[in-house]
2 protein chains.
Amino acid sequence: MRNPWTLKMEQFTAFSDMEKRRLNDLVSGTREHCAAGQDIIPDGAHSDHCHVVLTGLACRYKSLPDGKRQIMAFLIPGDLCDAEIFILKMMDHGVAAISDTTTALVSASDMKSLLRETSSLGEALWWGTMTDLGVLRERIIDVGRRNAHVRIAHLIYEMLVRYRMVELAPGDSFKFPITQVDLADATGMTPVHANRTLQKLRADGLIAFSQGVMTVLDTAALKAAARFNGDYLHLDRVHDPASVGRRAGDLV
Amino acid sequence: MRNPWTLKMEQFTAFSDMEKRRLNDLVSGTREHCAAGQDIIPDGAHSDHCHVVLTGLACRYKSLPDGKRQIMAFLIPGDLCDAEIFILKMMDHGVAAISDTTTALVSASDMKSLLRETSSLGEALWWGTMTDLGVLRERIIDVGRRNAHVRIAHLIYEMLVRYRMVELAPGDSFKFPITQVDLADATGMTPVHANRTLQKLRADGLIAFSQGVMTVLDTAALKAAARFNGDYLHLDRVHDPASVGRRAGDLV
DNA sequence: CGGCAGGTTGAGCGGATTCAAATACAGTGG
DNA sequence: CCACTGTATTTGAATCCGCTCAACCTGCCG
């Protein structure tokens with residue numbers, strides 16, 4: 001009954017049982033599977049279904065005329081791939097699977113009516129979009145004003161916080177099937193330099209990485225190295241006394 | 001009766017007279033003036049009013065702990081400063097006036113009900129947010145994968161298209177009160193390098209700049225230099241046969 | 001065993017930065 | 001009207017972070 005979409009949005013607000021059931025029903029319909037490396041939604045496409053990532057890792061990307069590629073965002077379970085689909089004529093970027101993924105299809109009309117609801121659900125959806133904006137802005141700061149070391153540390157730390165939201169980072173370990181080429185495309189650097197930077201983070205004892213699993217060994221040190229401030233993720237419930245136990249917010 | 005907010009959203013869809021009147025009423029209430037250099041909305045602030053830029057130029061920015069600053073977006077007349085205000089507890093970045101600005105205050109409750117309307121208005125607002133996302137993604141590509149020359153050309157060309165939307169770029173000239181320091185903060189480079197890059201664009205006869213007014217001398221050449229593709233702005237009405245006359249879409 | 005994708009290492013180059021100083025320019029007050 | 005002041009732009013020279021190119025290694029799989 002607990003799905004990553006609900007878990008993520010619960011970081012924003014507490015839902016009633018009925019609301020949770022509602023959300024759960026929405027992602028319990030048609031599923032789609034996509035193999036690593038394939039497009040979940042190609043650039044320029046249109047469809048009348050939204051995709052919610054349930055398992056695996058995906059990314060938003062855009063290929064440039066000169067062959068370069070920029071990854072604008074990583075999408076983990078609970079993330080919505082294409083909130084724009086029911087308004088815009090076509091996607092202005094592609095969404096690709098990095099590892100094998102399963103996505104839930106939600107019809108545009110369901111999503112539309114959800115958005116217009118006066119309940120917490122409509123607000124939660126809006127919250128999701130607003131935090132997406134925040135994450136994008138943070139990525140601009142990354143590539144614009146942070147050096148390679150801080151930049152990669154920041155990306156990894158953000159992934160940790162986000163994976164924790166959906167309870168997929170036990171022991172501060174999480175799946176990280178991202179190749180160094182992908183990482184370079186996301187951080188706006190070359191694979192070679194991404195490699196050297198990762199090595200330094202490992203040598204400093206901040207992270208460990210093997211078999212596609214990233215482990216953050218020293219959260220405090222990594223957070224400091226990344227100059228991380230998580231306000232932009234708007235995990236509002238962190239400050240909610242009713243929220244108990246160890247949550248993603250502990251890291252922010 | 002024609003205000004920049006309506007003009008901008010008309011790039012997405014045609015409104016009925018009643019809808020236009022509705023939009024106009026919303027920005028005809030309280031006005032706020034802000035002097036150049038001052039914060040319109042400080043980082044971390046909260047209010048229960050949204051700000052719509054009516055005149056002047058503003059920017060979204062974030063100051064980093066080490067004193068650096070990153071400008072994430074420029075806001076021209078018709079742009080909404082803080083769509084998040086009625087959901088999120090606080091702003092995760094600041095909005096500052098670059099030149100003197102006037103903004104219209106729209107109450108959060110008015111905005112909220114607008115968003116829930118089944119008319120074109122709710123969709124238009126959603127469209128605005130989605131294009132903001134698109135512009136941010138494009139900025140990530142800018143700083144991540146384009147060199148200084150292309151990057152600045154791209155920024156200027158985008159400003160031209162956006163100014164045209166709100167009919168503020170007669171003869172391909174528009175107000176550009178952005179200092180080279182601002183420009184550097186927006187493009188993720190140093191003022192010195194921004195200066196040299198601008199000089200090259202002028203030497204190549206692509207742009208002219210004096211007295212705070214930018215003139216694009218050769219739109220085709222600038223577009224080519226910027227490798228510009230305007231799909232991300234989603235000026236859907238460009239393809240609408242009912243749309244007549246020279247509009248921003250001509251450039252996209 | 002060969003092939004291939006991903007990761008690692010080295011050396012040289014170059015775009016952008018840094019620091020510093022000079023120049024232009026607008027506003028202000030004597 | 002000019003001297004004065006502060007801000008913005010311009011120029012030069014040295015330095016460095018990250019890029020390029022190229023080779024090599026490693027593990028995996030057919």
Side-chain angles (χ1 to χ4, degrees), chain A residues 35-38 57 59 64 66-71 96-100 142-156 175-203 207-214 225, chain B residues 35-38 57 59 64 66-71 96-100 142-153 155 175-203 207-214 225:
Chain A
Q38 299 303 111
L57 183 69
C59 70
L64 305 192
D66 59 2
K68 289 178 191 163
R69 187 176 72 141
Q70 176 73 44
I71 290 178
I98 289 191
S99 64
D100 294 351
D142 252 27
V143 281
R145 289 280 178 234
R146 296 199 249 253
N147 64 28
H149 195 71
V150 181
R151 203 184 304 181
I152 296 226
H154 198 277
L155 181 72
I156 294 172
K175 290 241 181 68
F176 199 78
I178 301 168
T179 68
Q180 294 184 356
V181 175
D182 294 332
L183 193 61
D185 283 342
T187 51
M189 42 206 262
T190 56
V192 175
H193 202 60
N195 175 291
R196 295 197 231 261
T197 309
L198 271 178
Q199 284 182 51
K200 175 125 183 47
L201 287 173
R202 277 182 299 200
I207 59 168
F209 178 74
S210 77
Q211 316 283 4
V213 173
M214 172 75 68
Chain B
Q38 300 302 112
L57 182 70
C59 70
L64 305 192
D66 60 3
K68 289 179 191 162
R69 187 177 72 143
Q70 175 73 44
I71 290 177
I98 289 190
S99 63
D100 294 352
D142 251 27
V143 282
R145 288 279 177 237
R146 295 199 250 251
N147 65 25
H149 195 70
V150 182
R151 203 183 305 180
I152 295 224
L155 181 71
K175 291 241 182 69
F176 199 78
I178 300 168
T179 68
Q180 294 185 358
V181 175
D182 294 332
L183 193 61
D185 283 342
T187 52
M189 43 205 261
T190 56
V192 174
H193 201 59
N195 175 290
R196 296 195 230 262
T197 308
L198 270 178
Q199 284 182 51
K200 175 128 182 46
L201 287 174
R202 277 182 299 200
I207 58 168
F209 178 72
S210 76
Q211 315 284 3
V213 173
M214 172 76 66

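Below, chains carry the letters A, B, ... as their sequence lines are ordered, and counting in each starts from 1. Side chains are part of it too, since the values below use all heavy atoms of this structure and drop only hydrogens, waters and symmetry mates.
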List in chain and number order the residues that pass side chain to side chain donor-acceptor pair (under 3.5 Å) with A:R146, two or more places apart in sequence or in another chain; answer none if no residue qualifies.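 Partners of A:R146 by the side chain to side chain donor-acceptor pair (under 3.5 Å) criterion, ordered by chain and then number, come out as A:E138, A:D142, A:H154.
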Kindly say if A:N147 contacts the phosphate of D:dC17, meaning a side-chain N or O under 4.0 Å from OP1 or OP2.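 The answer is no; no side-chain N or O of A:N147 sits under 4.0 Å from OP1 or OP2.
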Examine D:dT11: is either OP1 or OP2 under 4.0 Å from a nitrogen or oxygen in the side chain of B:Q199? Give yes or no.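 It does, given that an N or O in the side chain of B:Q199 lies less than 4.0 Å from OP1 or OP2 of D:dT11.
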Can you tabulate the close N/O pairs, meaning under 3.5 Å, that link protein atoms to atoms of nucleotides 21-23 of chain C?
none

Do [X] and [Y] make a side-chain contact, defined as non-hydrogen atoms from C-beta onward lying under 4.5 Å apart?
X      : Y      : answer
A:L198 : A:L183 : yes
A:I207 : A:M214 : yes
A:N147 : A:V150 : yes

Contact class for A:R202 vs. all strands (heavy atom < 4.0 Å): base, sugar-phosphate, or nothing?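 It contacts sugar-phosphate atoms only.
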Would you mind telling me which of B:K68, B:R69, B:Q180 makes a side-chain hydrogen bond (donor to acceptor under 3.5 Å, both in side chains) with B:D185?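 Only match with B:D185 under side-chain hydrogen bond (donor to acceptor under 3.5 Å, both in side chains): B:R69.
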Please list, in numerical order, the residues of residues 177-190 of chain B that have a heavy atom closer than 4.0 Å to any atom of DNA chain D.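 B:T179, B:Q180, in order of number.
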Does any N or O in the side chain of B:R151 come within less than 3.5 Å of the main-chain N or O of B:T187, such that one atom is a donor and the other an acceptor?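 Answer holds: yes.
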Which sits closer to the 5' end of DNA chain D, B:V192 or A:A148, going by the nucleotide each is nearest to?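 Nearest nucleotide further toward 5': that of B:V192.
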To the nearest Å, give me how far apart NE2 (B:H193) and P (C:dC19) are.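 The answer, rounded to whole Å, is 17 Å.
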